[in-house]
Structures are given as structure tokens and as C-alpha cells.
Protein chains: 2
Amino acid sequence: MSNSPTIKDVAAKANVSVATVSRVLNGLSGFSVETEKKVREAMASLGYQYNAIARNLKMKKTNTIAVLIPRVETTFYLNILNGIEDAANDQNYSMMVCHVGISGSRTREYIKMLTERQVDGIIGCSLPPDEGIDKLIAESGVPCVLVSTLSTRYSIPYIRVDDCEAAYAATSYLIAKGHKSIAMLAGTKDDVVAGKLRLEGYQKALADHRLPMDEELIEYTGFSYETGLQAARKLLKSQKKFTGIVACCDEVAVAAIMAAYESGLSVPEDFSIIGYDNTRTAEMAIPPLTTVSQPLYEMGKRAFQMLTGLLENGIRPESEIMPFEIVERKSVRQV
Amino acid sequence: MSNSPTIKDVAAKANVSVATVSRVLNGLSGFSVETEKKVREAMASLGYQYNAIARNLKMKKTNTIAVLIPRVETTFYLNILNGIEDAANDQNYSMMVCHVGISGSRTREYIKMLTERQVDGIIGCSLPPDEGIDKLIAESGVPCVLVSTLSTRYSIPYIRVDDCEAAYAATSYLIAKGHKSIAMLAGTKDDVVAGKLRLEGYQKALADHRLPMDEELIEYTGFSYETGLQAARKLLKSQKKFTGIVACCDEVAVAAIMAAYESGLSVPEDFSIIGYDNTRTAEMAIPPLTTVSQPLYEMGKRAFQMLTGLLENGIRPESEIMPFEIVERKSVRQV
DNA sequence: CCCTGCAACGTAATCGTTTACTGTAATTAA
DNA sequence: TTAATTACAGTAAACGATTACGTTGCAGGG
């Protein structure tokens, strides 16, 4: 099997130099129409395939970015990925998806691999807080922007919604619907944004509306369906009274609905619940889930733009706070 | 900002040749322990970073594969991706995820980009049948294996379950539960495997059990929740009587449950339903969905192994049929 | 008629690796 | 003692592009 032809072969066949071939290939100036025709014919007749690796080496640029996500099981990242990919495609970038694991365990080796492969930039999605992933990224020197999270120690630009405010709004929504005893399925204590901030918003809303706060109505669930289900079962088995639940994410909210189903309760008749994220999971739940909507697709798109702004124009991106909204469906009732 | 150091710099600092540096870098033989120490110290003190692009160029191998998926919105691909990624990681491959669109519209440009970027291989997941994507792949010459689909015109190796048999089993399961009038939410007519074969399985099961087949109980739904919902509503609004539904995938099954919910019906009291795929969607549905389970994670893993077997040892992979099983949950009742 | 300027190319260095050849000294076998 | 082998290491040519710089020829101005 013969090797695939290079610009050298094309040049030979067309009786021009490699420089000229390169020039027509890249749409530069410096050749006549006849020359272009010759070159294009030579390319066609040889079945020439462009080799981007050689270009990458010479140009020290790969037009590739990596997206780091902790989990692939959840639909949460899909919209973000979608947004990133659409934007990347527009600008001729490729996207590598790196599943770094919920504990960030694979991150170290991934970052190493990515720097070796000379990716131009990294987008980190809601990275787990524990392992100092931000440190690894910062030290690698690869340009990065964060989505739906932030770094407390390093000034990596981020894009996210104000989680505290959003959780405040979600809680206030329940209160406005007449709920006075509201539980929270909180994520994890150590997750700075999705855990801590959302919990704070919940607590602040209760305080501002002069509702009592009961520590036993707060259950730490993680952000997955499985862990959420455990916690929700526990909450329901405790004899605590409540009429509303604020969940840290849609999956956990659905887990709570499932726990209700298991014990013969139903939503919103027996209790109301509001989710967070507005993923497809929320839409497909029964009953359809009222939830806080994050503009995930837009956030992904914007993150990519911030990154390329940095890469190609050297603009140090400003972090951005995106708007959220509450989408009303069927999981909350007026009491 | 100084350029990052290369093996040349390392060689200079350690007073050896680049060949030697390369040798210690790759763990080959041909150097003494003292030399190795010198080299490693030089690398450390310079903060040397390996450049994989240069290697890729020289070796004509990128250790990168691309995974083509039609949609990113669904959870169906997540398990497959997970399997592929785990296997890839083990063997030091990177994975690029390419969202080619449900109509395969972006495939042409993607294939071009991928060949330019010299990916070593492609894994195609349940590619849409219409656009001759298999043709594009075959013509590109990039080694490929297919997951959960097949190519009728080109002999691209595939790995999938026997969709006809699985749909037959699903339908038979309903029949065994006493259902005599069974509808099907079929995918699309032109999808060779997930559409046509599953429909055939359904029809064959009815025939073998001497149940009448009613064309009006077959509704073509596509494979998404949204299109499934439309079709399910239509089926429920028609005055056709049935007690069971075979769905072409979990998302469509959940859509049917939603349609039931909308019209005040409930599952499995008013009708039973069995899904297909056993994605997380099935597990999280209310009621939890009885469904045909495909070993998606394993299939992804296996697909990668087949691909590398081809790439690294030149073994032309044999297509494989994977086993399925029916996982019983709560969406089917005995009549 | 000479000089300038520009369009249209070609030459060759370069990007950072790998590795086929060599070369040398030390070790081993005979 | 000598020839053969081995361990250790260096030289330089690839890999397939890009591009700075140089060259040529010709049009037009003076």
C-alpha cells in the first residue's frame, strides 16, 4: 500500500514548488489562475489529503480544545457540550471530551496527556472541589475557562449563574406558593458553588421570610440520582413534616419523586418540589418538574468564545454571571 | 515568553545527544543509569514537556480515535461512550466525540476534518441510515467499527444485539403476561436496525403467538422523547384498544408514560409498556420501566478493542452479536 | 534606456520528534 | 592473544507542512 501523497507529490505532479501548493491550499495570494488549476488538478488526480498534524507542529497550534467533565452519566453536561461543540465547529476547532471522574481522580493524567497533545485550551465544567484540580490546570499553563463553577485560589475566568441567588429564588417561589416548612436536598458541603452557595440561598430565603430553619430538614445528597435516592428515602422516613423541597439538581429532585412513589406518596399532592438546572430529566419527569433553568447551551457557547478570545486575540476574559429563570411545570402546588 | 524546551535543550543541558534523550523518554535500552539520571535531572530543571504532535507526525499515528454520535441529548450514548473511553484510557488513546447530527448532516465535514487530523480510527454509533454515512466512512479509508448498527452496503465490522430477536422477546414478554392487543411505538421505517428489525421482531412475535396484527397499532415515532410524545398522544387519542405497548427505545417509552399522565391514565394500570436499551431514563422513570437491556458499556469497550486489534495487529475484526436481557421493573402488569 | 515595483514563483530552514546507521570502548569467547 | 559480541552513545535524515527570503520577468514612469 503506497503512502498517501503529500504536497511534495502534488508539487512534483503540477510542476511547481511546495510553497506554491501550500499557498493555494491556504488561499493566500501569489499564484496565477493557471497555476492554481494545475495544482488543483494534481491534488484531485493524486487524491491528496491534507495533513493537519504537520501543520500543527509547524504552527504550534492544534485548533483543539478539551472539555473536562466529572461525570458522563448525567444529562447536565450534554447541553453545555452541545453549546461548546456548536461554537467550536463554527470556528474549526475540535473538541476532546475528558471524563475526569467525580472525584477528579483521573484529572492529573488527563492534564498531562492534554498538554502533551498541545491542546490550545481547556474548558472545565463544574469540577469537583476536593482535589485541587484548579491548581493542576493553573500550573499546566494551558488557557482555561470554567463553566458552572469557580476557582477560589486561582483567578481562572468562569461563567456561571449566581447559585445563591437562584436557590434563593427557588425557595422564595415555594414560599410564595404558601409553603412554610421547606426541606432542602443539598448537594455536598464541600462543593463550593453547587453545594454551599445553593444551601446559603435557601437559608437566606427562609430567614428573609422569617421562617424557622430546621437543620434536620437539610439532607446532603450529592448530585447523582443514586445518592439522591438514598437521601430522599431517609428524609421521607424521618417523621419530619414539610410541604416543600428545594433540590440541588434535577436528578436529585427526580430521586425524591421516586422515593415518594416508593412509599405511596405523590407529588405535588403530598409535597411540592423544585429542581435545579432544567435538564431533559426535568422535562421528562412525572410530574414534569418545576425547576430553576440555567442557560447551559448558551453558557457552553459563551465559554468557548471566551476561550478563543483569549487564544486568538489575547483578551483576558472577564468572568460572567448568566441569568436564570424559574420554569413552572407541575411539581409545585399552591397550599 | 521563552519557548518551551525541547529534547534538544534537554540534550544540551545533559551533555548527551537527542537520540539518547529520546531513548530514556521512551524507556528503550542503550544508556547507562548515570546518563539516565543526567537526562532526567535536565528534564526536571528545564520543566520539559513532551510534544506529542511531533511524535505523531514522525510516527504517522496519533493514538486518537473519533466517536461519531447522531445526538448528544439522549442518555443512550453515554454508556457506550463511557465504555469506549475507559478502554481507550487504558491503552493511552484519546477520544474525540463528534456530534454528527440526527440526519448525519455534519458527517461529511467531520470525516474530512478527522482524516486531516489523522485519527487512527472511527467508532460509529447507530448512525442514521439515510445519508450514506457508511459510504463516506468506507471511502475515507479510516479503520472503523460500528456500534449498535450495521452497514448493508459495505462490510464494516459491527457490534450490536440482535434487534429482531430482542424485540421478539420484548413482545413475547408482554404476551406471556397475558396481553393480547399490543401496540408498537416503532422508530422510523428507514432505520435499518433500530427501526425495521425491531418492528419485524414485534410482528414475528405476534404472528408466532397467533395474535392479530393491526397496522393502526403501529405508530412511527423516531427515537427522541419529543417525537415520541407526539406519536404517543396520537395513539392514545385514537380509539384503538390495546393493553400493552412495545417501544423502540426508553425515551419513547417514557414519552408514552407522559402521554398517559397527560390524559389522566396511568401505567401499568391502564396499559403496560416495555422499553428498549435500559438507559438511566428507564431506571428513573415513574413507574420504573421494564425494558430490554443492551450491554452498552460492554459494547463500547468491545468496539474499542476491536478497533485497536485492527490498528495495532492488523486483525480484521469479526462482527459480534451481544446478548440482551429483559429487566423487569414496574411498567408491565399481568392481565 | 534605466530604474522601480510588483506579481509569481522557488529555495531552504524550521517545527520537535524518532530511528536507521555508525562508531567506540569494554566485555566475552575461543 | 585475538576476534566477536555487546553496551552505550552520537549523527543526521526523515515526517509533512509553513514561510521568510530571494529571484525572475515584466509593466510602467521618468
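Note that the coordinates shown come from a computational prediction; the quantities given were computed from them, not determined experimentally. Labels below follow one simple rule: chain letters A, B, ... track the order of the sequence lines, proteins then strands, and each chain is numbered from 1.
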With a cut-off of less than 4.0 Å, is there a side-chain N or O of A/Ser22 near OP1 or OP2 of D/dT18?
yes
Between C/dG10, C/dT18, D/dT11, which nucleotide has the shortest distance from any of its atoms to the side chain of A/Arg23?
C/dG10
Between B/Lys38 and B/Glu34, is the closest basic N to carboxylate O distance under 4.0 Å?
no
Once you round it to whole Å, what is the distance between P of C/dC15 and CG of A/Asn51?
18 Å
How do A/Phe31 and A/Lys58 order along DNA chain C: which one's closest nucleotide is nearer the 5' end?
A/Phe31
Nearest to the B/Ser17 side chain among D/dG10, D/dA17, D/dA9, which nucleotide is it?
D/dG10
Answer yes or no: is there a donor N or O on one side and an acceptor on the other, between the side chain of A/Asp120 and the main chain of A/Ile65, under 3.5 Å?
no
Centres of the A/Tyr93 and A/Phe304 rings: under 6.0 Å?
yes
side-chain N/O B/Ser32 vs D/dA9 OP1/OP2, d < 4.0 Å:
yes
What contact category does A/Lys8 fall into here, base, sugar-phosphate, or nothing, at under 4.0 angstrom with non-hydrogen atoms?
nothing
Check every strand shown and say whether A/Glu116 touches a base, only sugar-phosphate, or nothing at a heavy-atom separation below 4.0 Å.
nothing
Salt-bridge test for A/Glu85 and A/Lys301: reply yes if a basic N is under 4.0 Å from a carboxylate O, no otherwise.
no
Given atom CG of B/Leu28 and atom C1' of D/dC8, what is their separation to the nearest angstrom?
13 Å
Any carboxylate oxygen within less than 4.0 angstrom of a Lys/Arg side-chain nitrogen, looking at A/Arg280 and B/Glu73?
no
In this structure, how many angstroms lie between the P atom of C/dA8 and the CG atom of A/Asn15, rounded?
19 Å
B/Lys37 atom NZ is separated from D/dC8 atom C1', nearest whole Å, by 18 Å
With a non-hydrogen cut-off below 4.0 angstrom, is A/Asn56 in contact with a base, only sugar-phosphate, or nothing?
nothing
Between P of C/dT17 and OH of B/Tyr50, the distance in whole Å:
7 Å
Remember a base hit wins even if backbone is also touched, and classify A/Thr35 as base, sugar-phosphate or nothing at under 4.0 Å, heavy atoms.
sugar-phosphate
Take atom CD1 of A/Ile53 and atom C1' of C/dG16, then tell me their distance rounded to the nearest Å.
13 Å
Tell me what B/Asp9 touches on the nucleic acid: a base, only sugar-phosphate, or nothing, going by heavy atoms under 4.0 Å.
nothing
Could you tell me whether A/Thr20 contacts a base, only the sugar-phosphate backbone, or nothing, with contacts defined as non-hydrogen atoms closer than 4.0 Å?
sugar-phosphate
Mapping B/Val18 and A/Asn26 to their closest nucleotides on DNA chain D, which lands nearer the 5' end?
B/Val18
Please determine if a side-chain N or O atom of A/Lys60 lies less than 4.0 Å away from the OP1 or OP2 oxygen of C/dG16.
yes
Could you tell me if the side chain of A/Arg55 sits less than 4.5 Å from the side chain of B/Arg117, heavy atoms only?
no
Between atom CG in B/Leu57 and atom P in C/dT19, what is the gap in whole Å?
13 Å
Starting at atom NZ of B/Lys61, determine the distance to atom C1' of D/dG16, rounded to an integer number of angstrom.
19 Å
